[in-house]
J.: 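Sharing a structure below in structure tokens format, with a few things to ask.
Keep in mind it's a predicted model, so treat the numbers as computed, not measured. Chain identifiers are assigned alphabetically (A, B, ...) following the order of the sequence lines, protein sequences preceding nucleic acid strands; residue numbering begins at 1 within each chain.
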2 protein chains.
Amino acid sequence: MRHNPTRRTALLDAAIDVLARDGARGLTFRAVDTHAAVPTGTASNYFTNRDDLLTQVAHRVYERLTPDAPTMAAVHHGPRDHTTLTRLMHELVDRVTAFPSGHLALLELRLEATRRPHLRDLLTTRIRADVDANITTHIDSGLPGDATTVELLYLALNWLILERLTLPDVFPDPHHLVTELVRRLA
Amino acid sequence: MRHNPTRRTALLDAAIDVLARDGARGLTFRAVDTHAAVPTGTASNYFTNRDDLLTQVAHRVYERLTPDAPTMAAVHHGPRDHTTLTRLMHELVDRVTAFPSGHLALLELRLEATRRPHLRDLLTTRIRADVDANITTHIDSGLPGDATTVELLYLALNWLILERLTLPDVFPDPHHLVTELVRRLA
DNA sequence: ACTGTAGTACTCCAGATGTAGTGCTGTCAA
DNA sequence: TTGACAGCACTACATCTGGAGTACTACAGT
């Protein structure tokens, strides 16, 4: 077992790409090696088995999906009206869309979670915490809408992002949908 | 190449289950054979290659997801108000949830479509047509809400169903969310 | 010089593919 | 009724691919 953190992170980031590109079944040690451009067998040395790899990937995805400090701070500035919320939601969609492999990898992890109770528990906890954090931030900042608003936004925006990433021509104007969504839900 | 339609359909239905259970990479001729409980090599005889198999599976999923005649007819009866729409949406969620492998298989096909332009075009056409059909039915029947309402319902409900199928404990009360969704969007 | 990591090279193994070949069954005509 | 034929079910096999794991060598930092 090797412990170089830089290399481990690089391997995990490569694993995210592999997961997004080839799906859960495509996530093999060798595929990670190849995509990370490291010698064959390296991933074998860093992760004891596939379960270990998947778990660490899940953590890494969430680490990368967490918005940075400036983004979070921006929520607390400016007027707390529909316009601001609309802008924030557009930014959210664009931010997640800009890291497509993250969203797709998370989707693959969900599907894999169907078969791995351990992974399912981990993802359930993380995602529920994420939703709750969004609700708290939303309410505290005084933006329009209640807890249900946040949950419904979460649902619709997630699928909208999925459409953009997999079948972009189904909804040619996602921005219009985001605007309308906020207008009706908040 | 064999042509027994019953057997072909049985193989496709088995393929849907395999797709939902093991993902796109798990969809092999041998896996389909095993799950359909037919002798090894049968799927090889019915589909020229993987692309052929995937395409036919996509058609079959849509064939099975299409609501039956009584359901469609029900839309045109009863009052055209929020209550009716709410009931219809609950029924929709329950109907799709009752065929989990269909939804999951479609998801896998989407992800596979990222790599296969042919499949992507096929799915884009089918899904866009499906959304448009829903819009038309909705408007014609006089139910509350406009075209955007239908599209936003589609987005949120699809992700809600996904949550129910993969991480059911994230939203313990999906029915409440459906009710609220209709109330705010329509 | 020692320790730990990077990188290499192999052996083993599982599973997938495609096809050739055999036998069964249903159909049609004499 | 029977015999020939066609199409399908099923079996078996030869081959191929690719991943797992590990032992081994090389090298760099202390």
J.: Is A:R87 salt-bridged to A:D81, cutoff N-O under 4.0 Å?
T.: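 Here A:R87 does not pair with A:D81 in a salt bridge, since their nearest N and O are not under 4.0 Å apart.
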J.: How many Å lie between CG on A:N49 and C1' on D:dG21, as a whole number?
T.: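 Distance check: A:N49 CG to D:dG21 C1' gives 13 Å.
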J.: Is the phosphate of C:dA6 approached by A:Y46 (side-chain N or O, under 4.0 Å from OP1 or OP2)?
T.: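 Checking C:dA6 against A:Y46, a side-chain N or O does come within under 4.0 Å of OP1 or OP2.
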J.: Using atom CG of B:D33 as one end and atom C1' of C:dG15 as the other, report the distance to the nearest whole Å.
T.: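 So the CG-C1' distance, B:D33 to C:dG15, works out to 13 Å.
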J.: So, are A:R25 and B:E108 salt-bridged, with charged N and O less than 4.0 Å apart?
T.: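 Salt bridge flag = no for B:E108 with A:R25.
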J.: Suppose we call a contact any N or O donor and acceptor under 3.5 Å apart; does that hold for the side chain of A:R7 and the base of C:dA6?
T.: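 Side chain to base: no pair present.
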J.: Map A:R25 and A:V38 onto DNA chain C by nearest heavy atom, then report which one ends up closer to the 5' terminus.
T.: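 The answer here is A:V38.
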J.: Quickly work out the A:R8 CZ to C:dA6 P distance and round it to whole Å.
T.: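 Rounded to the whole Å, the gap is 10 Å.
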J.: Compare the minimum distances between each of C:dA6, C:dG18, D:dA9 and the side chain of B:R30, then state the nucleotide with the smallest one.
T.: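 Closest nucleotide to the B:R30 side chain: C:dG18.
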J.: Are B:E91 and B:R95 close enough for a salt bridge, meaning some N to O gap below 4.0 Å?
T.: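 Result for this pair is no, no salt bridge flagged.
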J.: Judged by each residue's nearest nucleotide on DNA chain C, which is more toward the 5′ side, B:G41 or A:T42?
T.: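 Taking each residue's closest nucleotide, the earlier one in sequence belongs to A:T42.
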J.: Decide, yes or no, whether a salt bridge links B:R128 with B:E151 under the criterion of side-chain N to carboxylate O below 4.0 Å.
T.: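 Yes, B:R128 and B:E151 are salt-bridged.
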J.: In whole Å, what is the span from the CG atom of B:D22 to the C1' atom of C:dA16?
T.: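 After rounding, the reported distance stands at 14 Å.
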J.: Rounding to an integer number of Å, can you tell me how far A:N45 CG sits from D:dA26 C1'?
T.: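 Value for this atom pair: 15 Å.
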J.: If you look at every strand shown and take non-hydrogen atoms under 4.0 Å, does B:F47 touch a base, only sugar-phosphate, or nothing?
T.: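 If one applies the 4.0 Å heavy-atom cut-off, B:F47 turns out to touch nothing in the nucleic acid.
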J.: Counting only distance, no hydrogens or angles, is the base of D:dG19 paired donor-acceptor with the side chain of A:R50 under 3.5 Å?
T.: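 No such pair is found, so the answer is no.
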J.: Looking at B:D169 and A:R120, does any basic side-chain N land under 4.0 Å from a carboxylate oxygen?
T.: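 A salt bridge is absent here (no side-chain N lies under 4.0 Å from a carboxylate O).
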J.: Of the listed nucleotides (C:dT8, D:dG21, C:dA6), which one gets closest to any side-chain atom of A:R2?
T.: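 Nearest to the side-chain atoms of A:R2, counting from C-beta on, is C:dA6.
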J.: Side chain of B:S44 only, please: which of C:dT19, D:dA20, C:dA6 is the nearest?
T.: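 Of all the options, the side chain of B:S44 is nearest to C:dT19.
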J.: Among the nucleotides C:dT5, D:dG19, C:dT8, which one has an atom lying closest to any side-chain atom of A:N4?
T.: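 That would be C:dT5.
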